[in-house]
Amino acid sequence: MVHVIRTRRGLPRDTKDETQTVANSQPEPLTVRIPAAIRMTGIGRSKLYELIQSGDVEIVKIGSATLIPVESLRQLINRYRR
């Protein structure tokens with residue numbers, strides 16, 4: 001069943017298309033800061049710093065900001081999958 005919503009102009013619009021547009025409007029970030037990486041992975045702060053120190057997680061330093069590529073976090077999680 002498709003729901004049709006009338007817009008101000010009176011043209012029908014499918015609600016599924018609207019939901020997809022809103023969901024896809026923000027691109028995925030290339031990098032995240034330490035607190036976001038902790039939330040994304042569920043890894044503790046100390047453990048994340050250990051993984052950075054050992055080279056298991058990449059970082060990018062721009063000025064004083066420490067950024068972690070999201071792809072590096074994905075690779076880390078995939079390495080430890082069972």
Exercise. About how many Å separate CD1 of Ile52 and OG1 of Thr66, when rounded to the nearest 0.5 Å?
Worked result: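 Here the rounded value is 7.0 Å.
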Exercise. How many angstroms lie between atom CD of Glu71 and atom CD of Gln75, to the nearest 0.5 angstrom?
Worked result: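 It is 5.0 Å, given to the nearest 0.5 Å.
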Problem set entry | Test side-chain contact (heavy atoms from CB on, under 4.5 Å) applied to Leu76 and Ile43, step by step | CA-CA 11 Å; Leu76 173 76; Ile43 296 171; 3.7 Å; yes
For this session: Just do the side-chain contact (heavy atoms from CB on, under 4.5 Å) check on Met40 and Val70 with the steps written out, would you?
Result: CA-CA 9 Å; Met40 289 171 67; Val70 173; 4.1 Å; yes
Exercise. Is there a donor-acceptor pair closer than 3.5 Å between any side-chain N or O of Thr31 and the backbone N or O of Leu67?
Worked result: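 Not confirmed, Thr31 side chain does not pair with Leu67 backbone.
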Exercise. Honestly curious: do Val57 and Tyr80 fall in one hydrophobic cluster under the side-chain, below-4.5 Å linking rule?
Worked result: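 Yes; Tyr80 is reachable from Val57 via cluster members.
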Exercise. Can you check side-chain contact (heavy atoms from CB on, under 4.5 Å) on Ile68 and Glu58, steps first, answer last?
Worked result: CA-CA 6 Å; Ile68 301 175; Glu58 289 180 63; over 6 Å; no
Exercise. Of the non-hydrogen atoms in Pro69 and Val60, which two are nearest, and what is the gap between them?
Worked result: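 Of all heavy-atom pairs spanning Pro69 and Val60, the closest is CG-CG2, 4.0 Å.
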